[in-house]
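Beneath this line is the structure, given in structure tokens, with notes to follow.
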Amino acid sequence: MDRIPILRMGNFLLVTIQVDMHDRLALTLQDDLTNRISEVGARGVLIDISSLEIVDSFIGRTLANIASMARVLDAQTVVVGMQPAVAITLVELGMSLPGIRTALNVESGMEYLQETAEAGMEIGVYGGDSTED
Amino acid sequence: MAATVLKTETIHIKSSSDVVTARQQVRTLAIELKFSLVDQTKIVTAASELARNTLDHGGGGEMDVAVVENGIRRGLRLTFRDHGPGIADIKQALSDGFTTGGGMGLGLGGSKRLMNEFDIHSQPGAGTTITAVRWK
């Protein structure tokens, strides 16, 4: 069965979804990404969806699941490049992707991941408590 | 509403790759009808939700996608048929957040919002037919 490739760049994992995903392919990506995060100790995941012509509730839920699983494994997720027509449709569908960090393009998505990774390291250095609210 | 059917195609929905085929077929006809990109996206997204329902809740079925004309208006009409268990409470099924399948419960209510006309016929034990139209 086909798979979506996951690239590694330093502490980050990069995924570009370029095909019209069927549901099983989306679930395979979710499993593969979760495993890779744990294998390589990734601090961030960037998912580029600029080629996706639709995001329906299933794909939206899969993205949300990936972000939650990544967070549990101490990695941040950012979804970048959503087409405007997709954004309009998603909101009308009733999904605003709560809990998913988004950015307009790959560049600002990477900036966000780098900043959060650095901020995380500082907390480690100063031994500050990492309680969040 | 007496809409004339100008063209119709049927896709059998038996696996998750058929849901992709259904989306692509709907996209092709939406482009042919010169729907705007936002409207194309809405129609294809609704088709995706409904095709998945046909597969997951209806145990498979088929989709007819038809180019229809009503006076001066043209539109795209999607009909999904399955012979699954049917929907016991349609009003409840349409409300956001209601789910029997472990999803988010946005499929039916959400696709209704994305289309102009939306109609559900269902009999418990006999299956479900959903018709949705988007006009230009």
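No hydrogens, no waters, no symmetry mates; every other heavy atom, side chains included, goes into these values.
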message: Give the interface residues of residues 16-31 of chain B toward chain A, defined by a heavy-atom separation under 4.5 Å.
response: S16(B), S17(B), V20(B), R23(B), Q24(B), R27(B)
Non-hydrogen side-chain atoms of D23(A) and L55(B) separated by less than 4.5 Å: no
message: Quick check against the 3.5 Å criterion: does R81(B) have a side-chain atom that pairs as donor or acceptor with the backbone of E62(B)?
response: no
Neighbours of chain B found in residues 32-54 of chain A - heavy atoms under 4.5 Å: E53(A), I54(A)
message: Using a 6.0 Å distance limit plus a 45 degree cone around the ring axis, check whether R134(B) lies over the aromatic ring of F35(B).
response: no
- prompt: Between R113(B) and E92(A), what is the shortest heavy-atom contact and its length?
  reply: NE-O, 2.8 Å
- prompt: Which answer fits S111(B), side chain, backbone, both or neither, if we ask what part of it has an atom under 4.5 Å from a heavy atom of chain A?
  reply: backbone
- prompt: Under a single-linkage definition using a 4.5 Å side-chain heavy-atom cutoff for Ile, Leu, Val, Met, Phe, Trp and Tyr, are V5(B) and I43(B) assigned to the same hydrophobic cluster?
  reply: no
- prompt: Side chains of F12(A) and L7(A): does their closest heavy-atom pair fall under 4.5 Å?
  reply: no
message: At under 4.5 Å between heavy atoms, what parts of residues 83-90 of chain A are in contact with chain B? List them by residue number.
response: A85(A), V86(A), I88(A), T89(A)
- prompt: Heavy atoms, side chains only, cut-off 4.5 Å: are V67(B) and E69(B) in contact?
  reply: no
- prompt: Same hydrophobic cluster for M110(A) and V15(A), using side-chain heavy-atom links shorter than 4.5 Å among ILVMFWY?
  reply: no
field: Connected-component partners of F58(A) among ILVMFWY, side-chain separation under 4.5 Å
entry: L27(A)
task: Applying side-chain hydrogen bond (donor to acceptor under 3.5 Å, both in side chains) between D64(B) and each of T8(B), T10(B), T79(B), report the one that passes.
output: T10(B)
- prompt: Hey, does V65(B) have a side-chain heavy atom less than 4.5 Å from the side chain of L76(B)?
  reply: yes
task: Can you see which heavy atom on F80(B) is nearest to which on A47(B), and at what distance?
output: CZ-O, 3.7 Å
message: Pair K136(B), D39(B) - check salt bridge (Lys or Arg N to Asp or Glu O under 4.0 Å), show working.
response: CA-CA 9 Å; K136(B) 264 214 77 179; D39(B) 283 351; over 6 Å; no
